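Positions are given from 1, in the same order as the sequence printed here. Given the structure is predicted, the values throughout are model-derived calculations rather than measurements.
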Amino acid sequence: MDEYETTAKYNLAETCSASISINELCELSEAKTPANDLIDLTKPLGYGEIRGTTELRSSLSRLYSSRVLSLLSPDNILITPGAIAANFLVLYSLVGPGDHAICHYPTYQQLYSVPASLGAEVDLWKAKPDKGWNVDIEELKQLVKPNTKLIILNNPQNPTGAVLKKSLLQEIIEIASSHSPPITIFSDEVYRPLFHGITPVDSQFPPSILSLGYRNTIAVGSLSKAYSLAGIRVGWIASRNPDIVEQCAAARDYTTISVSQLDQQVAAFALSPNTIHGLLGRNIGIAKTNLELLEKFVIKHDEFCSWTKPVAGTTAFVLFSRDGQPVDAVELCKRAQEKTGVMFVPGDRCFGAEFRGYVRIGYVNHTSVVKEGLAEMTKFMRREFDDVPLMDDVAL
């Protein structure tokens with residue numbers, strides 16, 4: 001993405017919900033706070049509260065509240081410069097040589113490559129494309145070893161937009177809690193709560209991993225994906241186990257003194273009761289509208305495109321094939337951007353060699369970008385697609 005996104009005319013590789021300005025954020029709030037009043041310009045810009053402002057951590061604690069469980073204490077939340085830092089701190093703090101981790105797959109590469117780089121043994125718990133990107137709980141049981149330290153989940157899942165449903169999460173907890181010693185479950189939830197194909201009234205709606213009563217759970221989130229505010233670089237680690245938070249805080253001392261006070265003021269405002277509903281409503285609306293556009297594109301080209309329609313998040317994983325063979329996804333992406341200005345992400349380059357022909361499409365950018373980009377891709381499919389090499393041709 002570093003190499004190509006600056007020259008893309010239609011960025012359909014973008015994984016964040018369509019970004020907004022401070023002015024737009026204020027307009028979405030019921031408080032109707034003037035943009036000039038959002039940041040306290042009289043406050044001295046020292047380091048501030050090292051673990052994160054009380055205001056922001058209190059806003060986050062409300063998000064993890066439950067009718068069954070007690071409110072998560074703000075002390076159980078640690079603010080980080082984005083979820084990428086949060087993920088790294090969790091993995092650095094909890095695994096090392098001699099440990100074993102199991103990672104839900106396909107997913108963001110950091111989640112399995114970092115523990116491997118730290119000396120841990122990593123097994124991949126693979127979601128199956130022919131099963132709607134569902135996973136097999138029996139396979140998880142078989143992957144568990146005496147030294148399994150961590151089960152790593154990505155829910156909702158990047159790149160597929162699939163979710164691990166409530167009953168499955170409960171089964172994962174049963175496996176983790178019955179192990180001796182108990183296994184910690186770490187869930188990357190950066191695309192939560194952007195659900196647009198499943199609703200809270202559904203009995204299988206996936207709650208946060210923190211909401212199911214198991215103490216040894218960790219959730220990571222950020223303002224980037226679901227909340228349209230990647231530019232403020234605010235993420236967090238939350239856990240029901242204060243010992244885990246303390247381990248992460250000790251590691252954080254070597255990487256981060258504090259997160260920008262200005263960024264945290266914006267984040268706290270975005271997550272406040274007056275603003276969060278308008279912000280999420282906007283983004284869920286964009287996701288639904290744009291997913292319809294993408295679905296029409298896939299149906300129109302169903303001779304060449306197949307997928308499992310996403311139910312959450314901002315990304316879809318679409319298989320492009322011809323004559324029953326996957327195309328060279330890297331070449332497809334290069335030619336599409338060269339000919340049309342549309343940027344996709346090749347699945348086999350970014351998520352694993354087995355995903356030949358797959359392309360990740362980010363569809364929650366501004367609707368005009370998605371609509372015009374897919375229109376250009378329709379022209380490409382008609383004029384250029386037959387010339388994209390197949391993977392068998394590449395192998396030969």
Side-chain angles (χ1 to χ4, degrees), residues 17 20 25-26 28-33 38-40 48-83 86 90 155-156 163 166 169 185-196 198-201 205-215 217-229 232-242 244-245 248-249 258-284 312-313:
S17 299
I20 58 173
L25 180 65
C26 290
L28 288 168
S29 177
E30 294 175 8
K32 301 303 178 187
T33 301
L38 177 56
I39 294 175
D40 182 358
E49 296 177 75
I50 299 302
R51 296 192 177 196
T53 65
T54 299
E55 182 184 13
L56 175 55
R57 288 184 292 127
S58 297
S59 292
L60 287 166
S61 73
R62 288 192 295 269
L63 297 185
Y64 293 109
S65 64
S66 167
R67 295 178 182 176
V68 178
L69 300 174
S70 59
L71 185 71
L72 185 72
S73 169
D75 292 337
N76 285 42
I77 299 170
L78 189 63
I79 304 303
T80 62
V90 169
N155 196 28
V163 297
K166 182 178 181 179
L169 293 173
I185 302 173
F186 164 36
S187 185
D188 180 337
E189 298 180 350
V190 295
Y191 291 95
R192 180 181 181 84
L194 200 64
F195 298 101
H196 40 77
I198 185 171
T199 65
V201 299
F205 183 81
S208 169
I209 197 65
L210 300 187
S211 300
L212 292 169
Y214 183 46
R215 188 169 184 265
T217 52
I218 306 162
V220 158
S222 87
L223 272 291
S224 299
K225 307 301 184 183
Y227 298 102
S228 300
L229 292 167
I232 64 172
R233 307 312 304 138
V234 172
W236 61 86
I237 299 166
S239 177
R240 291 280 172 189
N241 186 337
I244 290 175
V245 176
C248 293
S258 64
V259 175
S260 161
Q261 287 196 55
L262 303 181
D263 288 358
Q264 289 186 82
Q265 286 182 54
V266 176
F269 179 82
L271 296 176
S272 68
N274 284 330
T275 309
I276 189 171
H277 302 295
L279 178 56
L280 283 176
R282 169 209 186 248
N283 291 348
I284 290 171

Counting C-beta onward and ignoring hydrogens, is there a side-chain heavy-atom pair between [X] and [Y] closer than 4.5 Å?
| X | Y | value |
| --- | --- | --- |
| W236 | L78 | no |
| P273 | R62 | yes |
| I237 | V245 | no |
| S208 | E189 | yes |
| I218 | S187 | no |
| L38 | C26 | yes |
| S222 | V234 | no |
| V163 | F205 | no |

If you look at every heavy atom in [X] and [Y], which pair is closest and at what distance?
| X | Y | answer |
| --- | --- | --- |
| Y191 | P156 | C-CD, 3.9 Å |
| L280 | A226 | CD2-O, 3.9 Å |
| P193 | I284 | O-CD1, 4.3 Å |
| T80 | V259 | C-CG2, 3.5 Å |
| D40 | Q265 | N-OE1, 2.8 Å |

Rounded at 0.5 Å granularity, tell me how far [atom1] in [X] sits from [atom2] in [Y].
| X | Y | atom1 | atom2 | answer |
| --- | --- | --- | --- | --- |
| S228 | L194 | OG | CG | 8.5 Å |
| D188 | I209 | CG | CD1 | 12.5 Å |
| L279 | N274 | CG | CG | 13.0 Å |
| L229 | L25 | CG | CG | 5.5 Å |
| L72 | S61 | CG | OG | 6.5 Å |
| I20 | L28 | CD1 | CG | 5.5 Å |

Is it the case that the side chain of [X] and the backbone of [Y] share a donor-acceptor pair, with hydrogens and angles ignored and the cut-off at 3.5 Å?
| X | Y | answer |
| --- | --- | --- |
| S17 | K225 | yes |
| Q264 | L56 | no |
| T275 | F269 | yes |
| S59 | E55 | yes |
| D75 | I77 | no |
| R233 | A83 | no |
| S58 | T54 | yes |

Worked check of side chain to side chain donor-acceptor pair (under 3.5 Å) between N241 and T217: CA-CA 7 Å; N241 186 337; T217 52; over 6 Å; no

Stepwise side chain to side chain contact (heavy atoms under 4.5 Å, CB included) check, V266 with I39: CA-CA 7 Å; V266 176; I39 294 175; 4.2 Å; yes

CA sep, side-chain torsions, deciding dist, call: L71, Y64, side chain to side chain contact (heavy atoms under 4.5 Å, CB included): CA-CA 7 Å; L71 185 71; Y64 293 109; over 6 Å; no

Steps toward side chain to side chain donor-acceptor pair (under 3.5 Å) verdict (R215, S239): CA-CA 8 Å; R215 188 169 184 265; S239 177; over 6 Å; no

For E49, all residues meeting salt bridge (Lys or Arg N to Asp or Glu O under 4.0 Å), sequence neighbours excluded: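 With neighbours one apart ignored, the set is R57.
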
